Amino acid sequence: MTAATHHGIHHVTAISGPAGRNARFYTQVLGLRLVKKTVNFDDPGTYHLYYGDSAGMPGTILTFFPYEHAAPGRLGVGETQETVFRVPEGSIGWWTQRLIEKGVAFEPIIKRFGETVLAFKDPDGMRLALVAVPGADAEEAWSTGEIPADHAIRGFHSVSLLLEEAGPTGAILTDVFGFREIGSEGSTTRFAVDGATVGGVVDIRAVGGFLRPRPGAGSVHHIAFRAKDDAEQEAMVKRLVENHGLAATEQKDRNYFRSVYFREPGHVLFEIATDAPGFAVDEPAAELGASLKLPAVLEEHRAEIEAVLPAIETPAAAA
Ligand code: ZN
């Protein structure tokens, strides 16, 4: 086995429309686990929903800030274009059938960098894809009543960034986050972390002169990259400052990880998030996502917060 790495994508955070519709799509149609139901710490009247694998491991976590009346976003240069999940090699046909059954439109299956890709959108128009990955069937998976472990999603494959140019952002991926440039296809340059199973790929699509984005429902808000611990996060920030002339924010405690943020040269908001402590810090691993969790400073406002949040279904695990 390849030595485990702690580099790569930690989580992807996006903006969505209604929370209930978002939760139904990600837990029921795609079969991810809701691993944390909390609020936006900077805007406690709205949810922050986290979906992932059974434990919410870094590299599997897609999170949303849902707004009931969010206007749709419009993709533009300086933004994340597509968020891509891994599925077992033989599962693309099964997923095609499932998307048909669930009324989800999808694009013709294509090959990228030799891999089979099935692209579609979530109910807010967020661009998603599944990539067939050899060997993924042997990895543990969260299964639901409708989605057996044989076909279940196995964390992130990649994100693609739509940028003016690949160079400056690529330099951050390679110099700070442990990626390596591994090839290009058309206008896309691929970067990968050696030895990463989940979240180990970033594609940069260089499209000079494209429209600027208008953030809204269906837009990715930021991409977080992994740091093993506070010391590694600090070392990464030092490299950003010294080698790239970029400043990061102060560290913020996000309860489940500790984060700093910076705007990368292509204008995408990047975060550096620690692997620790993880999602079992405030509820048992078996009950992740079952109840609304609040940070200590918001606990005294629980009643008011619960009164303004819409109800969402939180499906239990398959028996
Ligand atoms: Zn984040």
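Values below: every heavy atom of this structure, side chains too, minus hydrogens, waters and symmetry copies. Start at 1 and go down the list; that is how both ligands and their atoms are numbered. Small disclaimer: the values here were computed from a predicted structure and weren't measured.
Comment: Arg212 does not engage Glu79 in a salt bridge, judged by the lack of any side-chain N to carboxylate O separation of less than 4.0 angstrom.
The six-membered or imidazole ring of His69 lies away from that of Tyr67, with a centre-to-centre distance of 6.0 Å or more. Ring centers of Phe65 and Tyr47: at least 6.0 Å apart, outside the cut-off.
In this view, Ala235 satisfies the side-chain contact (heavy atoms from CB on, under 4.5 Å) rule with no residue, not counting sequence neighbours. Checked against side-chain contact (heavy atoms from CB on, under 4.5 Å), Asn243 has the following partners two or more places apart in sequence or in another chain: Asp175, Arg239. For Phe25, there are no ring-ring contact (aromatic ring centres under 6.0 Å, His included) partners, not counting sequence neighbours.
Protein N/O/S atoms found under 2.8 Å from the Zn ion (ligand 1): His11 NE2, His222 NE2, Glu271 OE1.
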